[in-house]
Amino acid sequence: MDLKTMTFLVVGATFALYVGIAIWARASTTKEFYVAGAGVHPIANGMATAADWMSAASFISMAGLIAFLGYDASVYLMGWTGGYVLLALLLAPYLRKFGKFTVSEFIGERYYSKAARMVAVLCLIVASITYVIGQMKGVGVAFGRFLEVDFHTGVAVGMAIVFIYAVMGGMKGITYTQIAQYCVLIFAYTVPAVFITLHLTGVPVPQIGLGSTMADGSGVALLDKLDMVVTDLGFVAFTAQKWSTLNMVLLTLSLMIGTAGLPHVIMRFFTVPKVADARTSAGWALVFIAILYTTAPAVGAMARLNLMNTIQTGEVGSVDGNMVYADRPDWFRNWETTGLLKFEDKNGDGRVQYYNDKNEAFAVKAAGFGWKGNEMVKVDRDIMVLANPEIANLPNWVIALVAAGGLAAALSTAAGLLLAIATAVSHDVIKGMISPDISEKKELLASRLSMAGAILVAGYLGMNPPGFAAQVVALAFGLAASSIFPALMMGIFNKNMDNIGAIAGMLTGLFSTLLYIFWFKGWFFIPGTAMAANTPDNWFMGISPEAFGAVGAMLNFAVAYLVSKVTPPPPEHIQHLVEEIRVPIGAGKAQDH
Amino acid sequence: MLDHWRYQKRCQTIAQRFRQAGLADYLTESAALEVDTIANTPLIAVDLEMTGLDARENQIVAIGWTHVDGGRIRFAANQHLLINAGQTVGYSAAIHELLDSDVAHGVALEEGLATLFEAARGRVWLFHHASLDVGFLQRASISWAGFAMPFMVLDTLQMELSLRQQRDLPVQHDDLRLNKLRAHYNLPAYTAHNALTDASSTAELLLAIAEKMEPATALKLKPYLTYF
Amino acid sequence: MPTNYHDASHATEFLHTVIPFNALLTDELNSLAYKLEAAYYPQGKVIFSSRPAPGLGIIRKGAVRMLDDKQKFLDKRSEGELFGHAIYFHGEMKDYVVEAEEDCLIWHLSAEDFVELCNANVLVGEYFSSRLKTRLSAATQVKHSVTQVRDLLKRAPVMVDADMSIHDAASRMSAENVSSVLVVKNQQLCGIVTDKDLRHRVLATGLDPSGAIGNVMTANPKHMAVDASVDEALLLMMRENYHHLPVMDDDKPLGLVTAGDILRAQSEHPLRLVRDIYKSKSINGLLELSQRLTPLFERMVTLGRDVEQIGRMVTLITDAFTVRLLQLSEQHLGEPPIAYAWVVFGSQAREEQTARTDQDNGLVLERDADGEEADYFARLSELVCDGLDQLGYVYCPGEVMALNVKWRVSLGGWKQHFDGWINEPKPKSVMYSSIFFDIRCVFGKSRLVEDLQAYASKRARENRIFRRFMAENVLTHRPPLGFFRRFVQEDDGSHSEGLNLKHRGIVPITDLVRMRALETGIHEANTFRRIELATEKGAMNEDDASSLRDALILINRIRLEHQSKQMVAGRKPTNFVPIEELSPLLRRNLKAAFMLVENAQQALALRYQVL
């Protein structure tokens, strides 16, 4: 069976599985009145949370980033994992105590102000849409490849599917659908990784394989080998640190604290009735997330190695050391169709030379080989995870599975985000501000229109990407970090923080970060409108746009604090409330008055 | 007779001196009031809840009243006002079951008195144990209107006392308590206690006492009036 | 909670126990109380003698007697009863005067206000209605509730010998408090004498009362066999214009039935049953009364009154049984050691019962009970719950009963229960919440319940996370529409398929409306009134409100019609309605109703992000 059919079959089967679970859950006969539902086991809930958490960015893009950024990309691993822990331990219990499950509602109540709530809604919508861009990008890559169409068509198909999936509803909230998605996703991620590790190192566990020696009998460690291969072609060593330490710290921080502002994740902490269970599920979720996150570096490194080895078949500089373009493998051709992989025979030798022509020393050397510049003019990093099994010559079903996995990752996250956006628009903005007496029918219509709108915006920006999926997502985190996180923290830990201070802080954080991002990435990400080239030399103190969220958050804190000093303190009952929140649930006496 | 004449004079004098619209009306109408039988004399039955028994130190926390017209208690006129006294109800809460938080929702004393005297226009006051309640009302009226309001009052306690004296019946101290008397006249026991139910209770008691005093003909009220 | 008010709340408290005013809502009671006037009448004083009566009298305290124009005693009324309206004395409507039998306090309602009240409230109006005929024709439509004459017999017949003097026979009648006697000769029935006979044949003609009763009796009266049907008896009476009918087992007289008995059995007004319940002196008396329930419910459903009213009346009866059991139990056990309130939950709290269901109740104590006090309430609960069970309100399968020590706690204990559910909305907590948030006090210190309601609804309103769990639970009961909006039928357990109108129609609406009540902090339990209040508070859009209300009425009407048909056919009523039974028009309407519910559910899902 050819790959295309296989892909259709596997993707179709997983979809049928999700729909089937949804129908089964909905159609099950009504329960007896006095019999309570069974509840969801913490392990199951942990899996569902992991599915929510791991987006297309985690699945498709992270390994790609690692493949090309090497060591630096570890900040994504640290940031996201740390963010999850931060959320689970520091924020979720307090929000829960407050009885609110959306951040905007918390902020509205805590800062006793509709305006504050609206600013929070605005921040959340901006951050969420940015996050959806990342998902769209991922889905577009997957569909482009497996439908063998160009990337833009892939995104369009993805948009349609995400829209149908989100609007159809009835699937997202069902924990079992999420669990199924997690299983598909993790299976799709680890199976190819195991095959490849086995092939390269003889060790069946990718995490161990990464630190093992090559199985080709050379006795060289895999990472050393990779460093060798890439430096031979003028690239920076895989294990080298390329970003400034400050930038790495800030990026990690942005990713961590940005997590708190992302609506779909925080929600999962409130779907478990008992606080203790919520903690247990958070623990399990971390385990399930770790399975993927710890595999990612191995996948990234090995994918890079395989890619390099495929193109550079022999000695660097030797006449037949490079792959003949006409003999290129199928995957190469297929990725070319999507436009995410581009070859240009600059020296007209019919062979592919892939090297770092920006490295001046090596460029001179390369000219000596008769190379006239890097011929792989485009290698989109997001293709790495998807292309990896093909490069490694794995069976077709494994490759099809990866497509299904990528889709599952994108869908589970996108649906949650779109729902949050839809509720924010229809409930918070329209019902809460514009037209309080709106009928439910119109509210539903508004929610669907806002979902469609969000998908269109995200789709458009996904096609004109300001970065790779993981980086776009990083921007979303940065925005959330700079706007929402400080307001939340001060709301919980500083009883003197007032509404004006909080609003000023949030706006400062949001707009300073947006400005910084647009400055380097173009106004509203429109290509060509950037004010300065997006290179470390231009960055302020070497801080990349992705990492600026942490700086924005600090500005937010500072402005909020200063403003709150000169404005009247919050009313008594709010101060009382804030003190109350910090008493853990259960410690409070049973209220009897 | 003389008492009544003096009462009328006092009303008229004060009414001339204090030209506050509502009060003057109350006073002139009160002075001109013809008091005959229950059937043709309009009455207002009133009860107060206080924070204590001392008119100089304690405050009114609630006023309840109802009207008696043509020998019938008119529920339509029922009224219960909480008074925001600005003083804690303290232990008195145990008696009237009003807490500080309840009283906080009350109206100002001035507003309460204005409403009360408006409702009392052209009516004879009716209390059970009048001296206590009237003492509080007069004290309150001094700070409100600037003078001690004159009152023409029927007191069920006094009426029962004179009835028993007429018939040579023994009176024990406790016998004249409102609820004791009500039971005596086969009137229902009210579970809830507040100023309004007590005012209604007093009105019912008056009807019963009047029937007992003069079963055949209608009781003339005038001899039982007390003036404050 | 006393506040500044301009009403007569001490009066409403009492009116609430007076039939038929107990059918009124608190607001309606308040406006009724507002129109009342109280007067005192010493013993022997005439309360009114004019005709027509100058309005309605409510006996607040004491007792009155009613006399006919010849000063003859007709009947006596005591505390909590009424006079002044049209009264049937032994099946006959008569004019009467009223005088105080004891010192009494009477609350008067003027004739104009009385007429206005009857016009404004159907339930009350019907109670006072003198149109016996309409009631009769309604009764005869219910073919399946026919009982035998045997069921109507209450007591052994009063029999006198034909030789007994008229005077002695009359004294015997008044001593036994009966309106007729059977006259026998040698143990064989030979005649019957009624009040009317004595009036017409003795008093009116000046006959000597020392003569034999045999001379004034109606000889060889028509009679019924004990196993004859009530219909037959009724037919005979109507044809011959008899009011009394001897019932025989072969030759032996077993008793008498009166037209009143038959009317009561067949066309009972629910409020009459309520009155009888309150008068009943023992559990056995209540048991007897409970026999009347099934035919009564069947009749109400068959007559197709509006759904809201059926719910209210059926609940009224359940309440009456509950309250009476409590009163009897208190009599038996003595005064309660501390104040308490008896609360009911679920459909009884919402006043939406349409049949006898299982009991859901609990006790709210003023404070924590110590050992002895706890014993008292344990025994009280046992007596009441067992009693209800015997009456056919079977034990709650979920043990939501005062019998369960968990639901027999102090106000503080209840608050802790609610706190627990709200803080930890486990599936079980959510299930409990959906029952316990519909709460109503039927007996005892209602302030305890008001306090609890205020507390619980405040907590629920503040905690959106908890409400999200509730919302999730609401969405487990979906309307029976599948893909492409096709009806989905379910098995009713007896291998016939139908739409589950209760679980997939009524329950979802009730649940949706409860969510609105939780969101807005409404203390009302009844679904219709919750909708009304939520709309008033602006929490519900007018269109959404009327959609849900209409959907609820339509689904309920279809369900009740279906049940009525089942009962006529002699089957047990179910909530499963086969589609084939519905006309195409009705199907379309029903589908539209379900779509409205689905729409509201989707909006709820969106509101709480549980899509």
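Scope of the values below: all heavy atoms of this structure, side chains included, with no hydrogens, waters or symmetry mates. Just so we're on the same page: letters track the sequence lines, and every chain starts at 1. Being a predicted model, the structure only gives us computed values, none of them experimental.
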Subject >> Distance (rounded to the nearest 0.5 Å) between Asn186(B) CG and Glu102(C) CD >> reply: 6.0 Å
Original post:
Roughly how far, to the nearest 0.5 Å, is the OH atom of Tyr185(B) from the OH atom of Tyr40(C)?
Top reply: 7.5 Å
Over 12 foreign heavy atoms within 6.0 Å of [atom1], [X]:
X: Ile142(B); atom1: CD1; value: yes
X: Arg177(B); atom1: CZ; value: no
X: Glu335(C); atom1: CD; value: no
X: Glu34(B); atom1: CD; value: no

Original post:
What's the shortest heavy-atom distance between Lys61(C) and Pro188(B), and which atoms?
Top reply: CB-CD, 3.6 Å
**OP:** Locate the shortest heavy-atom distance separating Ala33(C) from Phe75(B); write the atom from each residue and the value.
**Re:** O-CB, 3.1 Å
**OP:** Could you tell me whether the side chain of Lys212(B) reaches within less than 4.5 Å of the side chain of Asp103(C), counting heavy atoms only?
**Re:** yes
Original post:
Do Leu105(C) and Glu204(B) have side chains that get closer than 4.5 Å, going by heavy atoms?
Top reply: yes
**OP:** Against chain C, label Ser200(B) side chain, backbone, both or neither, depending on which of its atoms sit under 4.5 Å from a heavy atom there.
**Re:** side chain
